Amino acid sequence: MQFSILRIFLVGSLTAFAVGQDDLGLSGGYTNLQSTDLKGTIVKSSGTLASLSSSKTGYNFLPTDLLPDLAHNGAHHLGDVTFRYRISNNGPWTSVDSASSRKAVTQLTNLRPGVLAAADLAPTLGPSKIPHPFTVTREWLSSGGGLALRFNFTNTGTSSVEFGSLGLPIAINNIFTDRLATDTQAKCSFADPYIGLDAGFVRVTPLSGTGNGLVIAPLESSHFEAWRFLDEPSGSFGYQGQTYEGNYEWQVHSLAYAQNEWKSTTPWNTATSKTLAAGESYSVGVKFVLAQSIQTIEDAVVKSGTPLAVGIPGYIVPSDLTARLYLNYTSAVKAIEAPDFTVTGPSTTSAGVLYSLTPKGSVWGRSRVTITYANNKKQTVHYHISKTTSSALSDMGNFFTTKAYFNKASDPFQRAPSIMTYDNEAGSIVEQDGRVWIAGISDEGGTGAYLATAMKEFVQPTAKELSLFDDFIHDTVVGTLQRNGGFGVVASAFFYQPNAAQYSYNPAIDWTSWTSWDQARAYTTRRAYNYVHPVAAYWSMYRVARNYPEQKLRADWSWYLNRAYNTTQYCLSNRAANCDYGLVGLMGEWVMGELLEDLKREGLTSQVTSLETTMRYRANQWETEAIPFGSEMAWDSTGQEGVYYWTNYFKLPISPTKAINSIFGYMPTVPHWGWNGNARRYWDFNYGAKIAQTERQLHHYGSGLNSLPMLSYYEQHPTDLYALRVGFAGNMAPLSNIHKDGFASAAFHSFPDLLKWDPYSGDYGPGFLGLSLGQCVYILSNTKYGDLAFGGNLLSQSGASTISVEPKDAVKRRVFVADLGLKVEISAGIISKVDFDKAASTVTLTLAPAATTGDLQAKSAIVWMKQPGATTLGYAVSGASKVRSGWSVDLSTGKATVKIGKA
Ligand SMILES: *[C@@H]1O[C@H](CO)[C@@H](O)[C@H](O)[C@H]1NC(C)=O
Ligand SMILES: *[C@@H]1O[C@H](CO)[C@@H](O)[C@H](O)[C@H]1NC(C)=O
Ligand SMILES: *[C@@H]1O[C@H](CO)[C@@H](O)[C@H](O)[C@H]1NC(C)=O
């Protein structure tokens, strides 16, 4: 569907409330709030925020235009509050929500200086209408150049009261429903949390990726403990749907949830409650601080008086990598608690206090670092420790080619041999699912395991895995997925049609949904997205066949290359005549760019011309569109990768920047491994996961895929450290999905009752494709941070004349030297060390034949180079002969040194 109007079908009951009902009291008018940087209005009756705009640009972060349809009970607004309390120590919790049954609040008068509006909330603290043994007041304040919101809880009874939860709903304009795509782009914003206690904040970023951003930071002691999704009625806009993700709340306390709804999981932070003695008062709240731009959100965090942490390269740390953590705060660090890391430091740098963190021995998984400042504020930084990248990849390749290898020759759907979706909770292959593609080795949802394996063989080929994968290509991709000698790709090899297959369909599965396709529907070949997976598999095998010629495969390299080429062209050539969605950006189509480069290197000029014609048509079309990021979904974060690749390739002036801005809008950087570089996605659990629901996904494939354009943009703008941090975070993300046993999950469930990886491999594949095409060691010298390496360990001291780096990234074949704007890539083997001599402008690479002894050992490699920000290449490898547009290096002795200098 090319989207113009974002229309979704509303489901759910409309009986609980009446749409358009004015429980909020809009008819009673508004009160203005004004500060230097922000201006707002509150609804007089409810005292909740109706608009919040930049005083500078007028940009409004709230859905003010839709307010009449958000005025019903149960719909939350900024200024609402929810809590659970009890009077005795062990009694049941009473739940209160200021939005559940609204009544006009009682205005307070005689306001103190700086207080813009204040109210006693007693009338609206439902649903229980009993008088509570405490008062709750709310004040809107001016604060710095911005605004603030404060709640005072005062125990007015004679017994102590325990607050087991206390939440501040954060509702911004993330409602796309019924809007034109251009309006969505102009009006809507995203919110992303950093659940970091006293240093926590929410980033609000315009969907366009340009203009002012907003930081919501703690006021006083309101630490950010948990982030809870708020249940609301479906309403006019399909709350918790594809075009309206819904609202969350900032929880200052969360114990009452942790003990109940969330008791089967481990929360991000230790859950707390707050007890107020008789007569005691407690203030909580948040500040609203305008950020000049998305890129300067961290400056606004510092301006708000909140501690800032910056991790380099990020918060997903392989066990052999030393990560850096820079802390910027006015109060000194009193203690740093990092049980899973060896910590060195602090040292004082111009970017803050620097600590180095190296994972200890065999720790794996989530790991929290807690910093206590001299003023007793506490900050948590959330890490994920993985195995070394090479071991993680070895584990994954092994897992998918053993446990997920499907070998039933009698399968009526001819799926054997193949690598299928795996359920790591059940410990078995998903041979049936009501969403047929998941068991049908097509769609993203059914290809995760095989696509990840394909790309793993490109990165770290092993003989046994290659042989199994080669059988899958020749016996199943050809024949079952691509039927009757053609290049079409079926939507699913598995289908539900009892009269067409001798198969025991599991009666416990619901086969009545639209997702249980019959054979005819399953064998349709029009979904363009489905072509990327076989193309990637062929391309990867081409690379192995070409670069490890000693390894016998069932065909020679040209066969794999031609299959990749013909499969792409079948779908996308001739204005994508054979496909639907062929004229929007496809998940993972970056690999088609790699394919084109290889066709050029092989001198296959007529194929190059034809493929360029195909892609030029698409790129030219995107260049004419206001919002070129169409998709099957009404709003999506998938088209940007392809749009960027081809419009950048053809050097079109508008769309590359538009795509990058769009990604800046939905891909944050925060000190939490799950949200850092996490491209916003929240509906694909429905299509590719075991726990199927609309829920924010952490490190679904958007992270890996959107990182590709961001890193490419960085390579053309090597002083933009922010872009590198965001891009590298997303590119590293698919490493976190790989479990200790090698299983890789579709994504992590972020709702606090789950906080776990989905048990299905599902649609993991495109994310890993992003990792495998993007991983690179980035070497740079930054004015604030000094010498930095992303993706490797710095062996040299900052400021040394030669920067030396040991690559620890997951591919170990690419290096980017920012000072030279130079990107180097090798075709086989690995780079084990990089030395960049700043004064001489030379780069010396030490190469080895493989990452591990179990992998194929390269006998030779080609060195390819480019300068993405320049028109010509000014560097060459000394003493090497040219081959396939690169320089040939002999690795037969087990190592080689490559010297790169000015041409
Ligand atoms: C709320 O508490 C703060 C102290 O934390 C106090 O300054 C303020 O006046 C109180 N506001 C109201 C309305 O009581
Ligand atoms: C802390 O952050 C602010 C705002 O980004 C910046 O101006 C300042 O230089 C930083 N201080 C240190 C020590 O990094
Ligand atoms: C695939 O493409 C190549 C050109 O790369 C062409 O020569 C070949 O005939 C095609 N193969 C088939 C089976 O159509």
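In each ligand, atom 1 is the first atom listed, and ligand 1 is the first ligand listed. Predicted model only: the values in this text are computed from it and were never measured.
Shown here for Ala493 and Thr480, the closest heavy-atom pair between the two residues is CB-CG2, 3.7 Å. Summarising the geometry of Val252 relative to Ser221, their closest heavy-atom pair is CG1-O, 4.4 Å, with the distance given to 0.1 Å.
Looking at ligand 2, you won't find any N or O of Leu308 less than 3.5 Å from one of its N or O atoms. In terms of polar-atom proximity, defined here as any N/O pair under 3.5 Å, Tyr565 makes no such contact with ligand 3. In terms of polar-atom proximity, Val302 is not counted as a contact of ligand 2, lacking any N or O under 3.5 Å from an N or O of the ligand. Considering backbone and side-chain atoms together, Lys784 places no N or O closer than 3.5 Å to any N or O of ligand 2.
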Which atom pairs, nitrogen or oxygen on both sides, join ligand 1 and the protein at under 3.5 angstrom?
{"from": "ligand 1", "atom 1": "2 (O)", "to": "Asn152", "atom 2": "OD1", "distance (Å)": "3.1"}
{"from": "ligand 1", "atom 1": "2 (O)", "to": "Asn152", "atom 2": "ND2", "distance (Å)": "2.4"}
{"from": "ligand 1", "atom 1": "2 (O)", "to": "Ser283", "atom 2": "OG", "distance (Å)": "3.2"}
{"from": "ligand 1", "atom 1": "5 (O)", "to": "Ser283", "atom 2": "OG", "distance (Å)": "2.7"}
{"from": "ligand 1", "atom 1": "11 (N)", "to": "Glu139", "atom 2": "OE1", "distance (Å)": "3.0"}
{"from": "ligand 1", "atom 1": "11 (N)", "to": "Glu139", "atom 2": "OE2", "distance (Å)": "3.3"}
{"from": "ligand 1", "atom 1": "11 (N)", "to": "Asn152", "atom 2": "ND2", "distance (Å)": "2.8"}
{"from": "ligand 1", "atom 1": "14 (O)", "to": "Asn152", "atom 2": "ND2", "distance (Å)": "3.2"}

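Within the 4.5 Å cutoff, side-chain heavy atoms of Asp120 are placed close to those of Leu108.
Listed by number with element, the atoms of ligand 2 under 4.0 angstrom from any heavy atom of Gly352 are 12 (C), 13 (C), 14 (O). Using a 4.0 Å cut-off to heavy atoms of Gln607, the atoms of ligand 3 that qualify are 4 (C), 5 (O). Ligand-side atoms of ligand 2 in range of Asn328: 1 (C), 2 (O), 3 (C), 8 (C), 10 (C), 11 (N), 12 (C), 14 (O), range being under 4.0 angstrom from any heavy atom.
Annotation: salt bridge (charged side-chain N to carboxylate O under 4.0 Å, His left out) contacts of Asp192 (sequence neighbours excluded): Arg696.
With salt bridges taken as basic N to acidic carboxylate O contacts below 4.0 Å, one links Asp598 and Arg543. Electrostatic pairing of Arg112 and Glu139 does not count as a salt bridge here, judged by no charged N lying under 4.0 Å from a carboxylate O.
Distance check: Tyr85 OH to Ser165 OG gives 12.0 Å after rounding to the nearest 0.5 Å.
Classified by interplanar angle (parallel below 30°, tilted 30° to 60°, perpendicular above 60°), the ring pair Phe153/Phe134 is tilted.
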> Does the pair Glu249 and Thr82 meet the rule for a side-chain hydrogen bond (donor to acceptor under 3.5 Å, both in side chains), with working shown?
Replying inline: CA-CA 9 Å; Glu249 70 175 6; Thr82 81; 2.8 Å; yes
